[in-house]
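Since the structure comes first, as structure tokens, the remarks are kept for the end.
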2 protein chains.
Amino acid sequence: MREARLLAGIPQDKLGVAIGLDEGTASARISRYETGAHAPPYDVANKLARILRVPVAYFYCEDDDLAGVIEAWGRASAAQRRSIEVFVERAVRGEDG
Amino acid sequence: MREARLLAGIPQDKLGVAIGLDEGTASARISRYETGAHAPPYDVANKLARILRVPVAYFYCEDDDLAGVIEAWGRASAAQRRSIEVFVERAVRGEDG
DNA sequence: CAACTAAGGCTAACTTAGTAC
DNA sequence: GTACTAAGTTAGCCTTAGTTG
């Protein structure tokens with residue numbers, strides 16, 4: 001999550017205000033989320049994802065490789081997404097399951 | 001999440017016990033998670049994902065198309081994953097951002 | 001300006017007990 | 001056997017206030 005924020009070039013307090021948090025609390029809350037001290041409600045995670053332009057699933061992904069795929073999905077057009085779906089289904093079909 | 005559980009053919013209480021919940025509470029807790037009444041802690045979601053054989057990010061994905069990609073990723077071999085990564089990066093590179 | 005932390009209030013999850021199919 | 005819900009308790013998030021570079 002911090003990675004996505006730094007990529008967007010937004011400080012913690014600005015990000016918090018952007019999703020509707022109070023100015024006085026924004027910095028502390030975003031800090032907790034990034035350090036892992038607290039977990040945000042899903043609704044908050046969703047708003048953060050919108051501002052940072054990534055699918056919300058990106059925040060819940062420990063696998064860096066899968067995270068990269070999810071992030072790319074977020075930047076993909078509808079046609080690109082369809083193409084990715086087809087490729088993935090073909091690549092995995094009939095194996096290991 | 002219910003979808004993944006039914007696919008695995010496990011009842012709610014059995015699933016709960018499988019991740020370490022008490023027998024008396026397992027059914028009620030899993031029920032709340034599936035109906036959306038309560039949100040599980042990330043640690044619990046992680047254990048559920050392991051038993052149900054899906055990446056944990058799958059539970060936090062509202063986009064059904066992306067969910068399908070994530071689920072397929074969970075079933076993919078290391079080589080297949082690498083191939084997916086390469087395809088996705090190529091498909092999205094330089095567009096829309 | 002930007003990021004982090006401690007402590008107390010308050011919200012949401014957890015447990016218990018019970019119902020419906 | 002399987003799935004869901006109500007009410008009281010408890011754990012964890014949110015707010016305030018303050019510290020560091």
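Predicted, not measured: the structure shown is a model, and the values here were computed from it. Naming convention: chains lettered A, B, ... in sequence-line order (proteins, then strands); numbering from 1 in each chain.
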Legend entry - Reference residue I10(B); test side chain to side chain contact (heavy atoms under 4.5 Å, CB included); the match among I30(B), L15(B), V17(B): L15(B)
Legend entry - Residue met sooner reading DNA chain C from 5', once P40(B) and S27(B) are mapped to nucleotides: P40(B)
Inset, instruction - Using a strict cut-off of less than 4.0 Å between a Lys/Arg side-chain nitrogen and an Asp/Glu carboxylate oxygen, indicate whether E71(A) and R75(A) qualify as a salt bridge. - result: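 So E71(A) pairs with R75(A) through a salt bridge.
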Inset, instruction - Would you kindly give the CG-to-P distance between D43(B) and dG12(D), to the nearest whole Å? - result: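 These atoms are roughly 11 Å apart.
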Inset, instruction - Looking only at side-chain atoms of T35(B), point me to the closest of dC14(D), dC4(D), dA6(C). - result: dC4(D)
Inset, instruction - From the options dT5(D), dC4(C), dC14(D), select the nucleotide whose nearest atom is closest to the side chain of R32(B). - result: dT5(D)
For [X] and [N], is the shortest distance between a side-chain N/O and OP1 or OP2 below 4.0 Å?
X	N	result
Y33(A)	dC14(D)	yes
T25(A)	dT15(D)	yes
R29(A)	dT15(D)	yes
R2(A)	dC4(C)	yes

Legend entry - 5′-ward residue of the pair Q12(B)/H38(B) relative to DNA chain D: Q12(B)
Legend entry - Side-chain touch R2(B)/Q12(B), heavy atoms, less than 4.5 angstrom: yes
Inset, instruction - Give the minimum heavy-atom separation between I51(B) and A18(B), together with the two atoms involved. - result: CD1-O, 4.0 Å
Inset, instruction - Would you indicate what A28(A) reaches in the nucleic acid, counting non-hydrogen atoms under 4.0 angstrom: base, sugar-phosphate, or nothing? - result: base
